[in-house]
Peer 1: 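There's a structure below that I have some questions on.
So you know, we letter chains A, B, ... as the sequences are listed, proteins then strands, and number each from 1. Nothing here was measured: the structure is a model prediction, and the numbers come from that model.
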Amino acid sequence: MTMTDHKPPAGAQPLEPRIPDPSAKWQKRWNDMALFKAPEFPQGRKYFVMPMLPYPSGDIHMGHFRNYSMTDAIARKRMMEGYDVLHPLGWDAFGLPAEQAAISRNLHPEEWTLGNIAQSKATLQKVGISFDWSREVASCLPDYYKWTQWMFLQLYKHGLAYRKESEVNWCGTCNTVLANEQAAGGVCWRCGNAVGRKTLTQWFFKITEYAARLLDDIDHLDNWPDNVRTLQRNWIGRSTGAEVEFRLPDGTKIPVFTTRPDTIYGVTFMAIAPDAPLLASLAIPDARRAAVDAFVTRTRGKLAVERMADEEKEGVDTGIVVINPVSGEQVPLWVASYVLSGYGTGCLMGVPAHDQRDFEFARKYGLPIRQVIRSANEATSESGMTVATEDYGTMINSGPFNDQVGQAGVDAVIAHLEKNCIGRAQIQYRLRDWLVSRQRYWGAPIPMIHCDGCGIVPVPESDLPVLLPKGHIDFLPKGRSPLADIPEYINVKCPKCNRPAQRDPDTMDTFLCSSWYFLRYIDPKNDQAPFDKKKAAAWLPIDYYMGGVEHATGHLIYFRFFTKFLKDIGWLTVDEPARILFNHGMVMDSTGQVMSKSKGNVVSPIDMMRLHGVDPTRVAMFFSSPGDKEVLWSETGVVGAERFIHRVDQFVRSAKAAIGGKFDPDARFDTAKLSAAERDIYRKLHQTILKVDRDFEVMQLNTHLSAVMELSGALGSGENLRPELRAVCAATMVKLLAPLTPHMSEEWWEILGFGPTIFRAKWPSVDEAALPTDSVTIAVQFNGKVRGQLTVPADADEKAVVAAVQSDAKLAAHLAGKSVVKTIHVPGRLLNIVVK
RNA sequence: GCGAAAGUGGCGGAAUUGGCAGACGCGCUGGACUUAGGAUCCAGUGGGGCAACCCAUGGGGGUUCAAAUCCCCCCUUUCGCACCA
């Protein structure tokens, strides 16, 4: 990896920006006046805005620049609106790339990480983002990860952290296990390689205990994008149904989950996952033993992607029979590749007539198919079926349940199960517990000790942090944590019995670090607690959280989970962390490729700034598309931005020259005393304020800018305006631009004679009296086609407008020889005359 | 396969949510001023037609006085989930 080169394109002359860039001057002043330093406690109205915690992979790129420029714009507008603003940034500083860098260039991960942080921070300061740097956090520093460990201990104390042996996602490239969310689609989220499986004993968080609340509370996240809410709902995946206890002839229970208890008479086989723990404990008849073992070995050896790619369902008969507790019938138990060990009980009842997967499996192995549901329009015989019928319908061939319909049938079977103690209504979630241990060095050590005598013993809170050992460490992956090979680290005394014991050698998933960092921003220096409860109560929730959709089913679920947990144990007063979530679009290169270091198409904001200045670059980016859509980055757009800024600059200077001395930038004018031209401008000015407010709040900064451009176009040179109005227009335009062009606006504000900073000036408000117009231009349609325009008094009614049409020769011609069927008048918009 | 979103000039994108499609900008064309232009300013710019007008928001149907917007079918693209019983 190389740090971004800041050299101009080959052959280009070193150029001065077209407009002098005042950014350094203002950055220094802001710093000197501590403009962005948030108070400990908000005094008045508060606004907590933040971007998602970035991983410091090198210097920042255009994507970061766009993202932070958006939170910057929000922070600055809120400052002008009088809020106490908290706008912090920190670093998701643990994680694999640092370790990879350590291996490939013999740098300690910490050195590499802190170097990247320093460089990124320097760049962000140069582009003038309004972060309160006094609250910066880095998750890899002991004063931060001490509290990450503390979080782990709280979860453990409350029974939400546990260890279990299971088959887990294993990335052979990264040499570590992965959480389900990080192995979506069977590939590793970081390196993109196929994920394998491995049986290991690992730490898990019982996020499933919060599944219901995480799902239900999505309904209250009104200001989150719908797609994120849908993604989360699907990811958590609630299914309602029943658990049914099938039994072996010897009485051993084989519980299964089903969403269709009404199909229980249609069960013709049972299927168990090859890796289901239950399978190992079953007595398989000798005759079948070898075949079953061979199948299990073969299936379990496959990578997750290979298994998913298998179109054919495969299986083998175990020779075991299972008794249907409702019908009393005996059916064979198969091991089947399509059964997932992690869902439900890892075992299912096969109902081929009414489940497509079971149907395909039954067809392949010649298992019987029995219809037990009759739905409205299907009457095919079992042998003629080509697909399963999964619709609800009337129960048939179902003994005492015959003729029950749909949900009533489901309920009747569940009632029967419960009455006879052979099952119960149940809800299943697709969400799995969160696997949090990682076999790597560069993460927060898991604060647990394994003692032969006492078992698992948590590190006492007073002993935190458990520090990562420094010095010479072999980072080369061996399939176990590098910490396992450091005796000075691993060997400790048991806190309980004081006898020799071992530390847990693993570190935590970095998603833990980022699950609570927003709380640390609130109280970053606290060495007694992760944060102060009163400060948290005052600042939370986050008012505006900005990040990419890619975190919809990972970080954003974990972070909601932590918030709910901390509320439950009395640390927080909110149970949702963020009020507004905004998904920014990506920055792509001009060919539509995502900018990424590995593709080598990263554009550095530094080059752009040097060439064009900070604010023109911001304008070009904001202008190119709305905030939630991607940007295809091209340098051509910046030309328009420069021209626009230049025009505003001219206007501001000439307006100041015309007025000479002091003026009130928020002055109101009596429209009756203005000339017609002035009244039009004054109206335009206030219409612009209205539009800008509306557009800004939905991050449509492209139309925010276009509104101000229109205003600027309408103003022209401004020579036809009285100096007071001309100056107010200049001041207002400068304010409306301030969130987007902070440095230029400060400069203009100073030119206009104000100070010390525009960000303590009042955001413009709309003068309602300026808005009404006395006449409007409306479209005139005949039979829905626009045939002309007409300027009429603003309050003209339909009759008056029709009369105006009749007296307009060109329009009246369309009426000649026709009869009017009807007219539709939309005041201020159009008149449609239907003629025949 | 399932689910979600989106398809508008040469390009980025507007359109108060059913009311003049193409705002604003880039690019392009012409002009002005210039020793010069990657500067600035002015004008033009969806397609067709001398015109009245006609055609245009992926394609095809429909609802409506009126559709980029609502409904149905199809095509394409992007994203998410991938046997969740």
Peer 1: Below 4.0 angstrom from OP1 or OP2 of B:A14, is there any side-chain N or O of A:N702?
Peer 2: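 For A:N702, the contact criterion (side-chain N or O under 4.0 Å from OP1 or OP2 of B:A14) is met.
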
Peer 1: Could A:D219 and A:R233 be called an ion pair, given the rule that one side-chain N must be under 4.0 Å from one carboxylate O?
Peer 2: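 Between A:R233 and A:D219 there is a salt bridge, with a charged N closer than 4.0 Å to a carboxylate O.
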
Peer 1: Listed by chain and number, what are the side chain to side chain contact (heavy atoms under 4.5 Å, CB included) partners of A:D649, not counting sequence neighbours?
Peer 2: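 A:D649 satisfies side chain to side chain contact (heavy atoms under 4.5 Å, CB included) with A:R653, A:M744, A:W748 only.
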
Peer 1: If a stem is a run of at least 3 consecutive Watson-Crick or G-U pairs, both distances under 3.5 Å, which stems include RNA chain B?
Peer 2: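 Only these stems qualify: B:1-7 with B:75-81, B:10-12 with B:24-26, B:27-32 with B:40-45, B:46-48 with B:53-55, B:58-62 with B:70-74.
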
Peer 1: What does the list of N/O pairs under 3.5 Å between the protein and nucleotides 54-56 of chain B look like, with a distance for each?
Peer 2:
residue, atom, partner, partner atom, Å
B:C54, OP1, A:R787, NH2, 3.4
B:C54, OP2, A:R787, NH2, 2.5

Peer 1: Name the nucleic acid region contacted by A:L830, choosing base, sugar-phosphate or nothing; use a 4.0 angstrom heavy-atom cut-off, strictly under.
Peer 2: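 If one applies the 4.0 Å heavy-atom cut-off, A:L830 turns out to touch a base.
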
Peer 1: Near RNA chain B, under 4.0 Å by heavy atom, which residues of residues 547-558 of chain A?
Peer 2: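 When residues 547-558 of chain A is checked for heavy atoms under 4.0 Å from RNA chain B, there are no hits whatsoever.
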
Peer 1: Counting only side-chain N and O atoms of A:R260, is one of them less than 4.0 Å from OP1 or OP2 of B:A85?
Peer 2: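 Checking B:A85 against A:R260, no side-chain N or O comes under 4.0 Å of OP1 or OP2.
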
Peer 1: One thing to verify: whether A:E710 and A:K691 come together as a salt bridge, which I'm taking to mean a side-chain N less than 4.0 angstrom from a carboxylate O.
Peer 2: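 So A:K691 does not pair with A:E710 through a salt bridge.
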
Peer 1: Report which part of the nucleic acid A:H704 touches: base, sugar-phosphate, or nothing (heavy-atom distance under 4.0 Å, all strands).
Peer 2: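 The residue A:H704 makes no contact with any strand.
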
Peer 1: For the pair A:K799 and A:D797, find out whether any cationic side-chain nitrogen is under 4.0 Å from an anionic carboxylate oxygen.
Peer 2: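 The answer is no: the pair does not qualify as a salt bridge.
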
Peer 1: Using a cut-off of 4.0 Å on non-hydrogen atoms, how would the nucleic acid contact of A:Q789 be classed: base, sugar-phosphate, or nothing?
Peer 2: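 The answer is base, as A:Q789 lies within the cut-off (heavy atoms under 4.0 Å) of a base atom.
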
Peer 1: Are OP1 or OP2 of B:G27 and a side-chain N or O of A:R643 less than 4.0 angstrom apart?
Peer 2: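 Looking at the OP1 and OP2 atoms of B:G27, one of them is under 4.0 Å from a side-chain N or O of A:R643.
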
Peer 1: Please classify the nucleic acid contact of A:S239 as base, sugar-phosphate, or nothing, using heavy-atom distances under 4.0 Å.
Peer 2: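 Sugar-phosphate, no base atom in range.
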
Peer 1: With the criterion being N/O to N/O and under 3.5 Å, what pairs connect the protein with nucleotides 60-66 of chain B, and how long is each?
Peer 2:
residue, atom, partner, partner atom, Å
B:C65, O2', A:N832, ND2, 3.2
B:C65, O2, A:N832, ND2, 2.6

Peer 1: Which residue pairs satisfy the side chain to side chain donor-acceptor pair (under 3.5 Å) criterion with at least one member in residues 816-828 of chain A, sequence neighbours excluded?
Peer 2: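 Sorted pair list: A:E798-A:T823.
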
Peer 1: Counting only side-chain nitrogens and oxygens, does A:R647 get under 4.0 Å of the OP1 or OP2 atom of B:U40?
Peer 2: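 Indeed not, no polar side-chain atom of A:R647 lies that close.
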
Peer 1: Please determine whether a side-chain nitrogen of the Lys or Arg among A:R66 and A:E630 lies less than 4.0 Å from a carboxylate oxygen of the Asp or Glu.
Peer 2: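 No, A:R66 and A:E630 are not salt-bridged.
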
Peer 1: Check every strand shown and say whether A:R229 touches a base, only sugar-phosphate, or nothing at a heavy-atom separation below 4.0 Å.
Peer 2: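 Counting heavy atoms under 4.0 Å across all strands, no contact is made by A:R229.
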
Peer 1: Are OP1 or OP2 of B:A23 and a side-chain N or O of A:T703 less than 4.0 angstrom apart?
Peer 2: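 No, outside the criterion.
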
